[in-house]
Asker: 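What follows is a single structure, and I will ask about it in a moment.
Throughout, a chain's letter reflects where its sequence line sits, starting with A, and its residues are numbered from 1.
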Amino acid sequence: MEEDGFAATKLFNCGYSYTYDDVIFLPHYIDFSTDDVSFSMRRVPLLSSLMDTVTEGAMAAAMASLGGFEANMNSTEQLCLALIHKCKALKTVKQIQAFTCKTGLDTDRLVAGKLIFHCVVSISDALDYGRRVFSHFPDPDVFMYNTIIRGLAESDAPQSAIAAFTEMRRGSMVIAPPDSFSFAFVLKGAANYGSLRAGVQLHCQAIRHGLDTHIFVGTTLVSAYAECGCVGSAKKVFEEMREPNVVAWNAVVTACVRCGDVKGAVGMFDRMPIRNATSWNVMLAGYTKAGELELAKKVFLEMPVKDDVSWSTMISGFAHNGCFYEALGFFRELRRVGMRPNEVSLTVVLSMCALAGAIEFGKVLHGFLEKSGFLWIISVNNALIHTYSTCGNVDMARLIFEGMPKSKSIVSWTTMIAGLAMHGRGEEAIQLLHDMKASGIRPDRVTFISILYACSHAGLIEEGRTYFSKMVDIYGIEPAIEHYGCMVDLYGRAGKLQEAYDFVCQMPISPTAIIWRTLLGACSIHGYVELAEQVKERLSELEPNDSGDHVLLSNIYAIAGKWKDVAAVRRSMTDQRIKKTPGWSMIEVDKMMYTFVAGEKHDKITQEAYEKLREIMLKLRVEGGYVPEVGSVLHDIEEEEKEDSVSRHSEKLAVAFGMERLREGKIIRIVKNLRVCRDCHTVMKLISRVYRLEIVVRDRSRFHTFRDGSCSCRDYW
DNA sequence: CTAGGGTTAG
């Protein structure tokens, strides 16, 4: 796959030095008849009612607003152009558009082009209107097409940019051939759509037009290939460019980073003749994505000019690696040097709260956003929805979602659906899908991942099946590995292990380690020892050193009482030097985050938690009838020792600490990096009953809300 | 045309 993209283009020898090592037949035109890329050029009646509202007086007032320009206005065309340039809102654009209809300027090429351009580029949420003006124009030229393609490429439906390009090509008998802008914009659409097929075909066409080494086209080709995971092709396109500028260099370094090729990125970075702040920022992102935080910090300190992007990259990079303290440090540093937080740095900090489960800090930020007017930005709202959902307060997320000031984007809908899903509120998530369709937004592949996730976590098996086939049949979305993963989880979680296994065997793409791991997790919930062994064998072929897989298998044996097998797994782990991922849990008290690690460091805080925990466990035995469950302990050690090891799990410590420090009646919210174990689950249920407390635990796969002795997951996780 | 953020199965 990797090299196919580039090899295919070699078919077209257009006077360039391509060699043919691989011949793949491709048509000379883009054929998307099988894809769902409708692009309707329907002529819509436009604004006949508005036309009458444009009075001479209104136009005179508009002219007056032009001030100094007025003297040079010697034609209505020029007047219109100047007026359009001044427009800041769609409402005014509509007025002028009505004026052009009235004066016959609607067929003026310059004016129409300017109108379309203004709608697409300068005014937000006006793409649709621009499209309508476009569709009204009798014979649109390349510039108009380019503008429309440009807007569509950045829209929620980037595939329609490709369709628009195709339509332009079909009409190429009457209009001029595509230029470098056409290719740059449509390739951006292909990249956003993530379609290698479209990318390759466009590359072919670019070669035929002699534009593939054009600086803009080449640069976009590099990033389009990278977006499809073809880092080799991206590099080759770059190497063929005759005089790459800084932007092209940045693009190729970015391509390496996108595809996880840090070495390649460093190599390219070192070769760069000139570097601006962007180049350094790309390296920061590259290092943090690879988990190389020290190197990222080194580059950050060394770089000559830091801009707002640099800080956002550091905050996000450290947060995604679990280093919340340092991440917050960069946010403080940003303010200390006198930079104003912008909407991106704020969403980055919000997403840090989401990762850390820091709801109190999130609320502080929410207040700040409200006061400083940031809530007008859609992405900021999306970040808030995500933060509240992943911090356990999905109702607050819903309030923000409902109250969004501007229109909701596809991300807003999908985020909300995913939020409901992770709280087990499957029916509401499905209802939201219908509301979304009713409001005219088409669900995409990510939306369906969230829907299938919702079905599996709420035990809605039939619904899950239905939506999977609807996605394919009605929406023409080809299922990706993520969708298959959801389906395996859906069957497995519900105890339909045979169906899950059959499903994996019938998948048209080869199952990844993640797929097998999902199945292994299902085996562990439902105690299928034999199937687990089979599945583990597959995993050993694919990823033999994953500690989680070993621990899961060992737990499956332990629950079945097969202590010899437990010991064998443990031995093989020691032999292969596989270390268990240490479990940690976090709790926020007075806007401070406290992290507990099982059986680690006996500092004052941990001591305090232990002491409280001892007291709680005693009370649970006496008043709650608690008997420890030790099935999920890795070692076949003495019973008493096992019990001791279970009693030290980090989530218990975090809960105990919360009970000690938090105000009475406060909900105890815990975030854990692994899945919560059975014994801890039981203990939490008991605590919620005996102490009349509410505990919310976010583990690596979902939320557990413990209330009155039971859990929202209905013991199903 | 290039960099940072908001959605994504386990």
Asker: The side chain of A/A285 is closest to which nucleotide in this list: B/dT8, B/dG4, B/dG6?
Answerer: B/dG4
Asker: What nucleotide among B/dG10, B/dT7, B/dA9 has an atom nearest to a side-chain atom of A/T518?
Answerer: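 In terms of side-chain proximity for A/T518, the closest of B/dG10, B/dT7, B/dA9 is B/dG10.
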Asker: I want to check one thing: is the phosphate of B/dG6, taken as OP1 and OP2, less than 4.0 Å away from some side-chain N or O of A/H386?
Answerer: no
Asker: Does this structure show an ion pair linking A/E302 with A/K298, if we count only N-O contacts that are shorter than 4.0 Å?
Answerer: yes
Asker: Out of B/dG10, B/dA3, B/dT2, which has the shortest distance to the side chain of A/V282?
Answerer: B/dA3
Asker: For the side chain of A/V348, starting at C-beta, report the closest nucleotide among B/dT2, B/dG4, B/dG5.
Answerer: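 Minimum distance to the A/V348 side chain belongs to B/dG5.
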Asker: Using the six-membered ring wherever Trp is involved, compare the ring planes of A/H209 and A/F183 and label them parallel, tilted or perpendicular (cut-offs 30° and 60°).
Answerer: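 Answer is tilted, since the angle falls between 30° and 60°.
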Asker: Could you tell me whether the phosphate oxygens of B/dG5, OP1 or OP2, come under 4.0 Å of any side-chain nitrogen or oxygen in A/S316?
Answerer: yes
Asker: Nearest whole angstrom, please: distance from the P of B/dT2 to the CG of A/D307.
Answerer: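 The distance from CG of A/D307 to P of B/dT2 comes to 16 Å, rounded to the nearest Å.
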Asker: Report the distance from atom CD of A/E243 to atom C1' of B/dC1, rounded to the nearest whole Å.
Answerer: 16 Å
Asker: Classify A/T447 by what it touches in the nucleic acid, base, sugar-phosphate, or nothing, heavy-atom distance under 4.0 Å.
Answerer: nothing
Asker: Using the side-chain heavy atoms of A/A418, tell me which of these nucleotides is nearest: B/dT7, B/dG10, B/dC1.
Answerer: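 Of all the options, the side chain of A/A418 is nearest to B/dT7.
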Asker: With a 4.5 Å heavy-atom cut-off, do A/E343 and A/T347 have their side chains touching?
Answerer: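 No, side chains not in contact.
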Asker: Which nucleotide in the list B/dT8, B/dA9, B/dG6 gets nearest to the side chain of A/H320?
Answerer: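 In terms of side-chain proximity for A/H320, the closest of B/dT8, B/dA9, B/dG6 is B/dG6.
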Asker: At less than 4.0 Å, is any side-chain N or O atom of A/R702 found next to OP1 or OP2 of B/dA9? Yes or no.
Answerer: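 Answer is no, no contact under 4.0 Å.
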Asker: Checking contacts here: which listed nucleotide (B/dT2, B/dG6, B/dG4) is nearest the side-chain heavy atoms of A/N250?
Answerer: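 Within the option list, the nearest is B/dT2.
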Asker: For the pair made of CZ in A/F448 and P in B/dA9, what is the distance, rounded to whole Å?
Answerer: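 Nearest whole value for this atom pair: 16 Å.
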Asker: Whole angstroms only, please: what is the CG-P distance between A/L350 and B/dG5?
Answerer: 14 Å
Asker: Taking OP1 and OP2 of B/dG10, is either one under 4.0 Å from a side-chain nitrogen or oxygen of A/H457?
Answerer: yes
Asker: Tell me the interatomic distance from A/M436, atom CE, to B/dT7, atom P, rounded to whole angstroms.
Answerer: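 Result: 15 Å.
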Asker: Give A/R700 one of three labels, base, sugar-phosphate or nothing, depending on what nucleic acid heavy atoms sit under 4.0 Å from its own.
Answerer: nothing
Asker: Looking only at the side chain of A/I514 (C-beta and beyond, no hydrogens), which of the listed nucleotides B/dG6, B/dG10, B/dC1 gets closest?
Answerer: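 The answer is B/dG10, which lies nearest to the side chain.
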Asker: Can you see whether A/F181 has A/R150 sitting over its ring - NZ or CZ less than 6.0 Å from the centre and within 45° of the normal?
Answerer: no
Asker: Tell me whether the centres of the aromatic rings in A/F300 and A/F330 are closer together than 6.0 Å.
Answerer: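 Yes; A/F330 has its ring centre under 6.0 Å from that of A/F300.
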Asker: Between B/dA9 and A/R517, is there an OP1 or OP2 to side-chain N/O distance shorter than 4.0 Å?
Answerer: no
Asker: Looking across every strand, which nucleic acid part, if any, lies under 4.0 Å from A/R258 by heavy atom: base, sugar-phosphate, or nothing?
Answerer: sugar-phosphate
Asker: At 4.0 Å (heavy atoms only), tell me whether A/N342 reaches a base, stays on the sugar-phosphate, or touches nothing.
Answerer: base
Asker: Would you mind reading off the distance between A/L355 atom CG and B/dT8 atom P, rounded to a whole angstrom?
Answerer: 11 Å
Asker: Contact class for A/I481 (heavy atom, under 4.0 Å): base, sugar-phosphate, or nothing?
Answerer: base
Asker: Output yes when at least one side-chain N/O atom of A/S379 is less than 4.0 Å from OP1 or OP2 of B/dG5, else no.
Answerer: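 Answer is no, no contact under 4.0 Å.
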Asker: Considering every strand and a 4.0 Å limit on heavy-atom distances, what is the contact class for A/N276: base, sugar-phosphate, or nothing?
Answerer: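 Nothing: the residue A/N276, judged by heavy atoms under 4.0 Å, touches no strand.
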Asker: How close or far is atom P of B/dG10 from atom CE of A/M487, stated in whole angstroms?
Answerer: 13 Å
Asker: Starting at NZ of A/K289 and ending at P of B/dG4, how long is that distance when rounded to a whole Å?
Answerer: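 Roughly 5 Å, once rounded to whole Å.
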Asker: Can you figure out which of B/dG4, B/dT2, B/dG10 approaches the side chain of A/A251 most closely?
Answerer: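 It is B/dT2.
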Asker: Can you tell me which nucleotide in B/dA9, B/dG6, B/dA3 comes closest to the side chain of A/T254?
Answerer: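 Closest nucleotide to the A/T254 side chain: B/dA3.
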Asker: Taking OP1 and OP2 of B/dA9, is either one under 4.0 Å from a side-chain nitrogen or oxygen of A/R493?
Answerer: no
Asker: In sequence, state the C-alpha distance, the side-chain angles, and the governing distance for A/R538 and A/E541, and then conclude on salt bridge (Lys or Arg N to Asp or Glu O under 4.0 Å).
Answerer: CA-CA 5 Å; A/R538 292 272 97 80; A/E541 290 158 15; 3.5 Å; yes
Asker: Between A/R398 and A/E402 (salt bridge meaning N to carboxylate O under 4.0 Å), is one present in this structure?
Answerer: yes
